[in-house]
> 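Okay, here's the structure, questions in a sec.
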Amino acid sequence: MVNKISSIEVLSNERLAADVFCLMFYAPHIAFAARAGQFVMLMAYDKSERIPLTIAESDAAAGSVTVVFKVMGRSTSDLSLMKKGESLFYVAGPLGKATEFPASGRAIAVGGGIGLALILPVIKEMRDKGLSVTTIAGVREKKFLFWEDKLSSGSEKFYLTSDDGSCGGKGFVTGPLRRELDASNDIKAVYAVGPVIMMKTVADLTREYGVKTIVSLNPIMVDGTGMCGSCRVKVSGKVRFACVDGPDFDAHEVDFDELLSRLTLYNDKEKEAFEAAHKCRCL
Ligand SMILES: Cc1cc2nc3c(=O)[nH]c(=O)nc-3n(C[C@H](O)[C@H](O)[C@H](O)COP(=O)(O)OP(=O)(O)OC[C@H]3O[C@@H](n4cnc5c(N)ncnc54)[C@H](O)[C@@H]3O)c2cc1C
Ligand code: FES
């Protein structure tokens, strides 16, 4: 069931790390139905664009839903300015298919950048199902790190990496991932969420080991309900719509190069929209 709700109260909006915000809002129907891997479409104000954000946490008893976002352009900038007690203009969800898990065994969860928040519900659900979870978290540098405690406390083993060595081990998530894959042959699945280039690199690595790998894709979405076609991705040579067929897909079948090029299609227009909105606020 998808719930479309107008005027949703913001319960809190806090800065977690550089350019990263954690927004909690009251939406009991979404909180009740949300599963790992699902997302909401939301608009901060009536003039904001509608954007997809993954449900990072939900509390059915409190009726709250939490999203974590990185300020990228106009819409995420609008969201970052929202204050406790204000109302979001529009929210619909939970959308997309829930993540599927093996019945038992060991799994590895990999989160990079903003993906640290997106992988948390996956870790929690695996832990609730009794799976043994190893988590690998990667950031570019320490100022982008958040929720290290939440991620590590839900995992049997936890690795942290940073590109520049300012926190955790210096290097990419693929370093500890390769060590884990070399050390054991009982890993049932790898789940990866983060920048497209990270997910592609993880897919290339796990393909060598023949380990099933699921990625959460982030193409441009407009309606989030399968009607507009903007979120099309190529998987196993076929066109799929990430909002209704995903966002999770088999990483070894995804055409990442096409996804990368489609994500930059509207860069000029997005820059214009951000500058126009910023100018308006400064006047
Ligand atoms: C299923 C899904 C879940 C996502 N979950 C998260 C999340 O939890 N946290 C988070 O920070 N980001 C998430 N994203 C990406 C997020 O939607 C974009 O960063 C956001 O839409 C940027 O909008 P903007 O106006 O601020 O930036 P813009 O300047 O408009 O765009 C910056 C970049 O964001 C991407 N983008 C722009 N518009 C959209 C759109 N409508 N749909 C998807 N991508 C877009 C493009 O790559 C673009 O180049 C998710 C994307 C998808 C598809
Ligand atoms: S966002 Fe329109 S079809 Fe998926």
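Hydrogens, waters and symmetry mates are skipped; everything else that's a heavy atom, side chains included, is used. Counting starts at 1 for both ligands and their atoms, following the listed order.
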> Within the 3.5 Å criterion, strictly below it, is a donor on S166 or E141 matched to an acceptor on the partner's side chain?
no
> Could you check whether N185 and Y209, counting side-chain N and O atoms only, form a donor-acceptor pair closer than 3.5 Å?
no
> Need the ligand 2 atom indices (1-based, order shown) with element for anything under 4.0 Å from a heavy-atom of V222.
1 (S)
> Compute the shortest N/O to N/O distance between V68 and ligand 1 and return yes if it is under 3.5 Å, no if not.
yes
> Tell me the nearest of A44, S77, P219, P52 to atom 50 (C) of ligand 1, using heavy-atom distances.
P52
> Any salt bridge linking R74 with E49? Criterion: basic side-chain nitrogen under 4.0 Å from a carboxylate oxygen.
no
> Mark up the atoms of ligand 2 that fall under 4.0 Å of a heavy atom belonging to C231, in ascending order.
1 (S), 3 (S), 4 (Fe)
> For ligand 2, indicate whether the residue R232 contacts it via side chain, backbone, both or neither (heavy-atom separation under 4.0 Å).
neither
> Which atoms of ligand 1 are found less than 4.0 Å from any heavy atom of M221?
1 (C), 40 (C), 41 (N), 42 (N), 43 (C), 53 (C)
> Does even one non-hydrogen atom of I114 get within less than 4.0 Å of ligand 1?
yes
> Under a 4.0 angstrom heavy-atom cut-off, which atoms of ligand 2 come close to M227?
3 (S)
> Short list, please: which atoms of ligand 2 are under 4.0 Å from a heavy atom of C243?
1 (S), 3 (S), 4 (Fe)
> Report the part of V222 (side chain from C-beta onward, or backbone N, CA, C, O) that has a heavy atom under 4.0 Å from ligand 1; answer both or neither where that applies.
neither
> Between OD1 of D223 and SG of C228, what angle is found at atom 2 (Fe) of ligand 2, rounded to 10 degrees?
100°
> Quick one: does any side-chain atom of S162 pair with a main-chain N or O of L160 as donor and acceptor, under 3.5 Å?
no
> Is there a side-chain contact between R106 and E180, using heavy atoms and a 4.5 Å cut-off?
yes
> Please could you name the atoms of ligand 2 that G226 approaches to less than 4.0 Å, counting only its heavy atoms?
3 (S)
> Please say which of V193, L118, L263, V233 ends up in a side chain to side chain contact (heavy atoms under 4.5 Å, CB included) with N218.
L263
> May I ask you to identify the nearest protein heavy atom to atom 3 (S) of ligand 2, giving residue, atom name and distance to one decimal place in Å?
G229 N, 3.1 Å
> Looking at V222, is its backbone amide N or carbonyl O close enough to the side chain of S230 to form a donor-acceptor pair, meaning the two atoms are under 3.5 Å apart?
yes
> Is the closest basic N to carboxylate O distance between R178 and E208 below 4.0 Å?
yes
> Answer side chain, backbone, both or neither: which part of T76 comes under 4.0 Å from ligand 1, heavy atoms only.
both
> List ligand 1 atoms under 4.0 Å from R74, heavy atoms only on the residue side.
24 (P), 25 (O), 26 (O)
> I'd like the name of whichever of L79, T54, L217 reaches closest to atom 5 (N) of ligand 1 through any heavy atom.
T54
> On the 0 to 90° scale, with breaks at 30° and 60°, tag the Y191-F101 ring pair as parallel, tilted or perpendicular.
tilted
> Salt-bridged, R207 to D204, with N to O below 4.0 Å?
yes
